[in-house]
Amino acid sequence: MKEYTIKPLLTGWWTYNWGSIISPFAEGYVADVPVFIFLVESEDDEKIIIDASFKQESVLQRVFKSRRTPEQEVAAVLKREGVDPDSIK
């Protein structure tokens, strides 16, 4: 059986105003939540990406504020880990 290593890689932050999501009683409770992709590597150098991040232009900004620096773009994060983004299937 193959063994895999899973690495969480930070790709930005969501800022939630919980009052607009769950209850008016939570209005004003704001929390930053990290957003990740996961790099899965096998012992024979197979690489798999599980992308749980977001496209900046797709974020509903009135409910969720998203923050991502250029260094946190998915391609930049992968390159920093030594992975060619174009090699991912």
### Message
Can you give me the closest heavy-atom contact between Ala76 and Pro70, atom names plus distance?
### Response
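The pair with the smallest heavy-atom distance is CB-O, 3.6 Å.
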### Message
Can you give me the closest heavy-atom contact between Glu81 and Leu39, atom names plus distance?
### Response
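Answer, listing the atom of Glu81 first, then Leu39: CB-CD2, 4.2 Å.
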Test of understanding: with side-chain contact (heavy atoms from CB on, under 4.5 Å), list the residues that count as partners of [X], not counting sequence neighbours.
X     : value
Pro34 : Leu10, Trp13, Phe36
Thr5  : none
Ile50 : Phe38, Val40
Glu43 : Lys2, Glu3

### Message
According to salt bridge (charged side-chain N to carboxylate O under 4.0 Å, His left out), who are the partners of Asp84, at least two apart in sequence or on a separate chain?
### Response
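Partners of Asp84 under the salt bridge (charged side-chain N to carboxylate O under 4.0 Å, His left out) test: none.
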### Task
Using the test salt bridge (charged side-chain N to carboxylate O under 4.0 Å, His left out), find all partners of Lys79 that sit at least two apart in sequence or belong to another chain.
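Salt bridge (charged side-chain N to carboxylate O under 4.0 Å, His left out) list for Lys79, sorted by chain: empty.
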### Query
Quick check: does any side chain N or O of Thr11 sit under 3.5 Å from a backbone N or O of Val35, one acting as donor and the other as acceptor?
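Yes; judged by distance alone, with no hydrogens or angles, the pair exists.
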### Query
Any side-chain heavy atom of Asp45 within less than 4.5 Å of one from Lys47?
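Sidechains of Lys47 and Asp45: in contact.
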### Task
Measure the CG-CD1 distance between Leu78 and Ile49 for me, rounded to the nearest 0.5 Å.
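Atom-to-atom, Leu78:CG and Ile49:CD1 are 4.5 Å apart.
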